[in-house]
Amino acid sequence: MQRQTSFRRLWGLAFFLCTAVFLFSGAMLLQDLRRSSQERRANQLLAEQVSSAGCTALWEQNNDMAGWLSIAGTPLNYPVMFTPNEPEYYLRRGFDGQEALSGSLFIGEGCTPDGNHVIIYGHHMKDGSMFGSLPSYANILYWQQHPVITFNTLKEPGEYEILAAFYSRIYAPEESGVFCYYQFTDLSDPEQFSNYIQQAKDSALYDTGVEAMYGQRILTLSTCSYHTEDGRFVVVARQKAAKEP
């Protein structure tokens, strides 16, 4: 009888703990969903503002804004932030500077909004926000449907044709013979430019047929990928000339 009583007590305790964990997990999930919904709504309002009033109106609200990045027919439609003294300031902050799980798109260290090479980073969010849709470019059909990226800075509009999409990762300093795309922040040297473009095309999952000539501005989008430890998914594009169709 005593053993049965002890068993019942243990079973009751285990049931209580499981229930508590379940309720806590459920509460956290609901909190994350609510937070995600709020952040998506805030970004949607920003998109509506920039559509009606342009980038300058948003820049007046926050001078850290460098431009607007969008890809027609996809969820990607966000402001791009630039804080050269602290490049990752908006890693977990929204446009208003407040804490945000999805963070904001931001220009990486060593790059400038109007430089010859702009590397933009963003989170790979499970709900598809920020750069959550970027790894879809692993599929050639997705690229065929969305071959152009629009990146309008405060100074000028810009359209970029995708020339490569590939998987990568963050490499250790001692590793050699690897393509550290994130280190090519300055492509003003013709040899560096050619080296970057060739390595990007060599790493590409498929051939887009798009070429880049020295002097064209290059845009690189980077997000996390879970195919390996410290994995990344990368899309490289070159700016279209004004006369191109």
Side-chain angles (χ1 to χ4, degrees), residues 66 69 71 74-76 78 80-84 86-93 100-112 115-144 146-147 149 151 160-189 191-208 210-212 217-238:
L69 185 75
I71 300 178
T74 79
L76 214 165
Y78 300 104
V80 177
M81 314 306 287
F82 178 55
T83 49
E86 191 177 347
E88 296 188 359
Y89 181 81
Y90 283 92
L91 181 67
R92 290 295 181 187
R93 288 184 173 89
L101 185 64
S102 58
S104 299
L105 305 184
F106 62 92
I107 294 175
E109 183 177 5
C111 298
T112 62
N116 52 61
H117 187 200
V118 185
I119 306 178
I120 299 177
Y121 297 91
H123 286 299
H124 180 179
M125 301 302 294
K126 293 181 179 179
D127 63 3
S129 61
M130 293 303 147
F131 276 169
S133 61
L134 198 66
S136 296
Y137 278 105
N139 187 326
I140 190 172
L141 294 178
Y142 191 86
W143 161 72
Q144 289 172 344
H146 314 287
I149 301 170
F151 177 47
Y160 296 76
E161 285 190 305
I162 295 171
L163 63 86
F166 56 90
Y167 289 100
S168 185
R169 64 181 175 89
I170 300 300
Y171 295 97
E174 64 272 15
E175 293 186 82
S176 60
V178 293
F179 179 31
C180 299
Y181 68 92
Y182 43 85
Q183 293 182 351
F184 287 76
T185 56
D186 182 3
L187 299 181
S188 59
D189 178 74
E191 186 175 346
Q192 278 286 83
F193 181 92
S194 297
N195 188 15
Y196 183 78
I197 296 302
Q198 188 58 56
Q199 290 196 68
K201 293 180 76 67
D202 289 344
S203 303
L205 296 169
Y206 46 82
D207 183 8
T208 68
V210 176
E211 302 293 340
R217 182 175 295 163
I218 303 300
L219 177 68
T220 297
L221 310 183
S222 173
T223 193
C224 289
S225 174
Y226 308 111
H227 68 285
T228 188
E229 185 177 358
D230 289 330
R232 297 292 186 269
F233 189 81
V234 186
V235 172
V236 178
R238 56 90 171 167

Is it the case that the side chain of Asp230 and the backbone of Ile170 share a donor-acceptor pair, with hydrogens and angles ignored and the cut-off at 3.5 Å?
no
Smallest separation among heavy atoms of Ala138 and Phe233, with atom names:
N-CZ, 3.5 Å
Give a yes or no on whether the backbone of Met130 and the side-chain of Tyr78 come within a donor-acceptor separation of less than 3.5 Å.
yes
Would you give the length of the straight line joining atom CZ of Phe131 to atom SG of Cys224, rounded to the nearest 0.5 angstrom?
11.5 Å
With a 4.5 Å cut-off on side-chain heavy atoms, are Ile149 and Val235 touching?
yes
Sequence neighbours excluded, the answer for salt bridge (charged side-chain N to carboxylate O under 4.0 Å, His left out) partners of Glu211 is Lys201
For His146, the option from Thr74, Leu141, Leu76, Ile162 that meets side chain to side chain contact (heavy atoms under 4.5 Å, CB included):
Thr74
Least distance between heavy atoms, Thr185 atom then Gly110 atom:
CB-O, 3.7 Å
Inter-residue atom distance Leu105.CG - Met81.CE, 0.5 Å rounding
10.0 Å
CD/Glu191: more than 12 non-hydrogen atoms of other groups inside 6.0 Å
no
Nearest 0.5 Å, please: how far is OG1 in Thr112 from CG in Asp186?
9.0 Å
Go through the side-chain N and O atoms of Gln199 and Asn195 and say whether any donor and acceptor fall under 3.5 Å apart.
yes
Residues that Asp189 engages under side-chain hydrogen bond (donor to acceptor under 3.5 Å, both in side chains), provided they are two or more places apart:
none
Do you know the tightest heavy-atom contact between Ala237 and Tyr160?
CB-CB, 3.6 Å
Tell me if the centroids of the rings in Tyr90 and Phe106 come within less than 6.0 Å of each other.
no
Considering residues at least two apart in sequence or located in another chain, which fulfil the salt bridge (charged side-chain N to carboxylate O under 4.0 Å, His left out) criterion with Arg232?
none
Gap separating the CD1 atom of Ile140 from the OG1 atom of Thr208, nearest 0.5 angstrom
9.0 Å
Which is it for Leu187 and Ile197 under the side-chain contact (heavy atoms from CB on, under 4.5 Å) test, yes or no, and what are the steps along the way?
CA-CA 10 Å; Leu187 299 181; Ile197 296 302; 5.6 Å; no
Please step through side-chain contact (heavy atoms from CB on, under 4.5 Å) for the pair Phe151 and Ile120, ending with a clear verdict.
CA-CA 10 Å; Phe151 177 47; Ile120 299 177; 4.1 Å; yes
Donor-acceptor contact below 3.5 Å, side chain Ser104 vs main chain Arg93
yes
Could you work out, with salt bridge (charged side-chain N to carboxylate O under 4.0 Å, His left out) as the rule, every residue matching Glu175, not counting sequence neighbours?
Arg169
Could you label the plane-to-plane angle of the His124 and Tyr226 rings as parallel, tilted or perpendicular, counting under 30° as parallel and over 60° as perpendicular?
parallel
Correct closest heavy-atom pair for Ser168 and Thr228 would be O-CG2, 4.5 Å
Begin from the C-alpha positions of Leu69 and Leu219 and carry the test side-chain contact (heavy atoms from CB on, under 4.5 Å) through to its verdict.
CA-CA 11 Å; Leu69 185 75; Leu219 177 68; 4.1 Å; yes
Minimum heavy-atom separation for Gly108 and Tyr121, please, with both atom names.
CA-CE1, 3.5 Å
Without swapping roles, check the side chain of Arg238 against the backbone of Glu161 for a donor-acceptor pair under 3.5 Å.
no
With ring centroids as reference points, do Tyr196 and Phe179 lie under 6.0 angstrom apart?
yes
Return the set of residues passing side-chain hydrogen bond (donor to acceptor under 3.5 Å, both in side chains) with Ser102 (not counting sequence neighbours), or none when no residue passes.
Glu39
Would you confirm whether His123, through its side chain, and Gly132, through its main-chain N or O, come within 3.5 Å as a donor-acceptor pair?
no
Check Ala200 against Ala164 and note the closest heavy-atom contact, atom names and distance.
O-CB, 3.5 Å
Find the distance between CH2 (Trp143) and CG (Leu163) and round it off to the nearest 0.5 Å.
10.5 Å
How long is the straight-line distance from OH of Tyr167 back to CG of Leu205, given to the nearest 0.5 Å?
6.5 Å
Identify, with sequence neighbours excluded, every residue that meets side-chain hydrogen bond (donor to acceptor under 3.5 Å, both in side chains) alongside Tyr181.
Ser222
Taking the side chain as every heavy atom from C-beta outward, state whether Phe166 and Val236 have any pair of such atoms under 4.5 Å apart.
yes
